[in-house]
Amino acid sequence: MQRKTTTIRDVAQQAGVSISTVSNVLNGNEVQVGPVVRQRVLEIAEQLNYRPNAIARSMVKRKTATIGLVITEVENPLFVPVVGGINEVLQPAGYHMVLVSAPDLHSEIEAIEMLRAQQVDGIIFMALSFSTPIDHLVQLKEDGFPFVVINRYVEDEGINQILLDDWGAAYSATNRLIDLDHIHIGIVSGPLSTDPPRRSALERHAGWQQALTERGLDVRPEWILEGHYTYEGGYQAMRRFLAQREKGLERPTALFVANEIMALGALKSLQQAGIRVPQDMALIALGDSPFAAYTNPSLTTFALPTPEAGGLAARILLDWFKEGKPTQARRISLKFTLKVRESCGANLSLPS
């Protein structure tokens, strides 16, 4: 025989009080309920093993203790640490996460509609750095709906944004190579010519160029090659660099690679050509996936602050929930962290 589920009505009848009184006691609402009545309701609820229906309670309170996370590419290793950073903040606060893949604008708009229908309390958007329309984000802002965007620059200062300092990281990486006595420095960039362009690729290229210009070094067009942020892109870009030598063109002695995935492809191409890293060609890349420390040679990188970005986004939402109203919107830029390893040719016994 199926066991009858205890309802809030059962608790109210046995305690001799109204359903609303039981609801107020169990939800901890500050109402005029005397301590004797409150204690009796709690004892009977425990005796009857009453467990409030979480879905029903969320419909009444319009809170589900869930956060939507909308990600452009679930398979991109950039996003894994973001999820970890978000969970580290949300779980102790009793919140859970709903992950949705939205590779384009249309699917992102659909994701918002779906998550709002599920009554999530807020949304975090973690995007690749494309320039895309933001009408749907402006609508969320006007609705007063809690959300934060990571890695997407938007002109609207009323939207909470967490950005990564792509320009500063590229500038620092290039200066690091110059400080190691390199004067011929090329770049394997991200996609510069796509429509729309990748903002991170433009920023990283600009940081590389500015560092060279300030130090009086040549910015040579033949040393700028796009790698499209992929393994194959980095591999093919390096093959084009190496082919320049066959045409009598001078080859750079160091490369700034705009992400560590391309650096892995570039490293394979160099090794196949018998070019030693860092003795013949030094490398520094942006991004610090776990494999970067285990390549041969290990990759010197500027690590993206993605766990910090995820944790900060989650804290912004929790503050919003606590206040019950939008917090003052912020545009926060997070710095990269240098991880000195073998590929840049630095003396690893010295401090970085």
Side-chain angles (χ1 to χ4, degrees), residues 129 164-194 197-230 233-287 297 299-302 335-336 338-347 350 352:
S129 54
L164 309 178
D165 185 15
D166 293 296
W167 187 95
Y171 178 82
S172 297
T174 307
N175 272 304
R176 181 76 181 184
L177 290 171
I178 297 171
D179 291 341
L180 292 171
D181 297 327
H182 292 282
I183 60 174
H184 302 303
I185 303 172
I187 181 174
V188 179
S189 77
L192 300 171
S193 56
T194 56
R198 289 285 290 274
R199 180 178 176 274
S200 63
L202 296 173
E203 291 287 312
R204 294 174 189 186
H205 173 268
W208 165 81
Q209 181 171 301
Q210 183 66 28
L212 293 179
T213 301
E214 286 184 358
R215 304 288 284 268
L217 301 179
D218 291 337
V219 177
R220 296 174 58 164
E222 67 270 24
W223 290 352
I224 304 171
L225 291 175
E226 293 186 43
H228 306 291
Y229 287 154
T230 64
Y235 179 81
Q236 294 298 338
M238 187 54 60
R239 286 176 62 87
R240 293 195 295 275
F241 265 128
L242 298 178
Q244 292 178 1
R245 184 69 176 270
E246 299 173 2
K247 299 176 182 178
L249 298 175
E250 188 176 13
R251 191 178 67 209
T253 62
L255 284 174
F256 163 61
V257 187
N259 82 345
E260 84 285 13
I261 293 175
M262 291 191 299
L264 191 64
L267 187 60
K268 180 179 180 179
S269 183
L270 287 169
Q271 291 171 339
Q272 287 178 340
I275 296 174
R276 300 170 301 166
V277 176
Q279 294 91 336
D280 303 323
M281 179 81 75
L283 297 179
I284 292 183
L286 295 195
L299 288 175
T300 295
T301 63
F302 274 76
K335 303 294 183 183
F336 290 57
L338 176 63
K339 303 285 186 179
V340 179
R341 300 191 183 98
E342 297 165 337
S343 69
C344 68
N347 186 341
L350 297 177
S352 60

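The figures here come from the full heavy-atom set of this structure, side chains too, leaving out hydrogens, waters and symmetry mates.
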Please tell me if the side chains of Ile187 and Gln209 come closer than 4.5 Å, counting only heavy atoms from C-beta onward. no
First locate atom CG of Leu242, then atom CD1 of Ile275, and finally report the distance between them rounded to the nearest 0.5 Å. 4.5 Å
Taking atom CZ of Arg204 and atom CG of Leu286, what is their separation to the nearest 0.5 Å? 5.0 Å
Using modelled atom types and a 3.5 Å cut-off, is there a donor and acceptor pairing between side-chain atoms of Thr301 and backbone atoms of Ala285? no
Close side-chain approach of Val257 and Leu299, heavy atoms under 4.5 Å: no
Tightest non-hydrogen contact, residues Arg198 and Pro191, listed as CG-CG, 3.4 Å
So do the side chains of Arg176 and Thr300 get within less than 4.5 Å of each other, counting heavy atoms only? no
Would you say the side chain of Leu192 lies within less than 4.5 Å of the side chain of Leu202, judging by non-hydrogen atoms? yes
Answer whether the closest heavy-atom distance between the side chains of Ile183 and Thr253 falls below 4.5 Å. no
Quick check on Arg251: does its CZ atom have over 12 non-hydrogen neighbours (other residues, nucleotides or ligands) under 6.0 Å away? yes
From Trp167 atom CH2 to Ser172 atom OG, the distance as rounded to the nearest 0.5 Å: 8.0 Å
Just how far is it from atom CZ of Phe256 to atom NE2 of His205, taken to the nearest 0.5 Å? 10.5 Å
Exercise: identify the closest heavy-atom pair between Gly186 and Pro252: N-CB, 3.7 Å
Measure the OH-CG distance between Tyr171 and Asp165 for me, rounded to the nearest 0.5 Å. 12.0 Å
Do Phe241 and Ser269 have side chains that get closer than 4.5 Å, going by heavy atoms? no
For residues Thr174 and Ile284, determine if any side-chain heavy atom of one lies less than 4.5 Å from a side-chain heavy atom of the other. no
All pairs passing ring-ring contact (aromatic ring centres under 6.0 Å, His included) where residues 173-194 contributes a residue, at least two apart: His184-Trp223
For Gln272, which residues count as a side chain to side chain donor-acceptor pair (under 3.5 Å) partner, sequence neighbours excluded? Tyr235
Nearest heavy-atom neighbours spanning Glu226 and Ser193: OE2-OG, 3.0 Å
Closest approach of Asp218 and Leu212, non-hydrogen atoms and distance? O-CD1, 3.7 Å
Taking the side chain as everything from C-beta on, heavy atoms only, tell me whether Arg341 gets closer than 4.5 Å to Pro278. no
At what distance, to the nearest 0.5 angstrom, does NE2 of His228 lie from CD of Gln236? 10.5 Å
Check Leu180 against Cys344 and note the closest heavy-atom contact, atom names and distance. CD1-O, 3.4 Å
